[in-house]
Amino acid sequence: MIAIAAEAAGQVSTGEAWAFWILGSLAVIGALGMVMARNAVHSALWLIVTMLCLGFIYVINEAPFLGAVQIIVYTGAIMMLFLFVLMLVGRDVSDSLIETLRGQRIAAILLGIAFGVLVATGLARSLGGTEVVGLAEANSASGGNVQAIARLLFTKYVFGFEVTSALLITAAVGAMVLAHVERAKEEIADQVTRMKARFRPGTYPGPKPGPGVYANTMSVAAPARLPDGNGAGSSISPILPVRELTAGEAAPKRTEK
């Protein structure tokens, strides 16, 4: 591997070498941060850093199409979707770190080391005796990087490409079928029925006060106070647990001068 790297390094320009070492170091740091971060949101952000570095490395190595796909599709779409989902779910550092399966950490370390050795061995055997020529010749034969990839996808690898797209479409349809909830026709209310239910006597059609408004405590579990002094139970979110307030929490709070 060292000899192959040295042979390839002789054909790399100074600027490309500097870019590789800088971006490669940032990619490794991002990968380590993704694995070591305990917060799921922080882990996703570290992975975004690694994916951005990979995209720039593709561009430097004369593969602009792969670089654009790496940044636009994986980093800009998929990872942003994961990040938004994690933020909406509300993952924090209070997640349980207790292992439910004994020995899974040791097994993961051993399997990771074995996978790394397998990848290194495969690269050493595949690159042995292979002359590094870059993508300039391959791109020029087809008129450009995008044209070369399109020719390979729709000629030599068309079967695998179509099978992969069929699997992705099947997975998307399956996810929609599993998430779909059948409702009876009589359960679907139209706009007129909803308005009648909203303004029916005994309901509160106006905007409800937020938790803590005109309240004697800063707790979001305490009901808001209406202008007449009564508590507005509808101001408490139904997902909040119901609990009894202590005497200190229920006592009126005053600002001392």
Name all residues meeting the side chain to side chain contact (heavy atoms under 4.5 Å, CB included) criterion together with [X]; count only those two or more places apart in sequence or in a different chain, and write none if there are none.
{"X": "Val69", "value": "Phe65, Val73, Tyr74"}
{"X": "Ser25", "value": "none"}
{"X": "Val173", "value": "Ile169, Met176, Val177"}

Give a yes or no on this: more than 12 heavy atoms of other residues, nucleotides or ligands lie within 6.0 Å of atom CD1 of Ile106.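 Open: at most 12 neighbouring heavy atoms sit under 6.0 Å from CD1 of Ile106.
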
Quick one: do [X] and [Y] end up in the same hydrophobic cluster if we chain Ile, Leu, Val, Met, Phe, Trp and Tyr together by side-chain heavy atoms under 4.5 Å apart?
{"X": "Ile29", "Y": "Trp21", "result": "no"}
{"X": "Ile57", "Y": "Leu52", "result": "yes"}
{"X": "Phe56", "Y": "Leu26", "result": "no"}
{"X": "Leu54", "Y": "Phe20", "result": "no"}

Considering non-hydrogen atoms only, spot the tightest contact between Ser43 and Met34 and give its length.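 Taking Ser43 first and Met34 second, the nearest heavy atoms are OG-O, 2.8 Å.
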
Any idea which heavy atoms bring Ala19 and Ile60 closest together, and the distance?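 In terms of heavy atoms, the two residues are closest at CB-CD1, 3.3 Å.
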
Using the side-chain contact (heavy atoms from CB on, under 4.5 Å) rule, take Leu66 and Asn61 through it: C-alpha gap first, then chi angles, then the decisive distance, then the call. CA-CA 10 Å; Leu66 292 179; Asn61 286 276; over 6 Å; no

Tell me, please, which residues at least two apart from Thr170 pass side chain to side chain donor-acceptor pair (under 3.5 Å).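 Partners of Thr170 by the side chain to side chain donor-acceptor pair (under 3.5 Å) criterion come out as none, since no residue qualifies.
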
Enumerate the residue pairs fulfilling ring pair (Phe, Tyr, Trp, His ring centres under 6.0 Å) with a member in residues 143-174, sequence neighbours excluded, ordered by first and then second residue.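 Every pair satisfying ring pair (Phe, Tyr, Trp, His ring centres under 6.0 Å) with a residue in residues 143-174: Phe154-Phe161.
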
Validation: residues 44-51 side-chain donor-acceptor distances under 3.5 Å, sequence neighbours left out:
from  : atom 1 : to    : atom 2 : distance (Å)
Thr50 : OG1    : Ala27 : O      : 3.1
Thr50 : OG1    : Ala31 : N      : 3.1
Thr50 : OG1    : Trp46 : O      : 3.4

Go through it in stages, so that I can follow the logic: the residues are Ile71 and Val59, the test is side-chain contact (heavy atoms from CB on, under 4.5 Å), and I'd like the CA-CA distance, side-chain angles, deciding distance and then a yes or no. CA-CA 11 Å; Ile71 295 175; Val59 175; 5.6 Å; no

Report the C-alpha separation of Arg125 and Thr121 in whole Å, then their side-chain angles, then the decisive distance to 0.1 Å, and conclude whether the side-chain contact (heavy atoms from CB on, under 4.5 Å) test is met. CA-CA 6 Å; Arg125 298 188 62 179; Thr121 304; 4.2 Å; yes

Atom pair CG (Leu23) and CD (Glu16), whose distance is rounded to the nearest 0.5 Å: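 Going from CG on Leu23 over to CD on Glu16, the span is 11.0 Å.
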
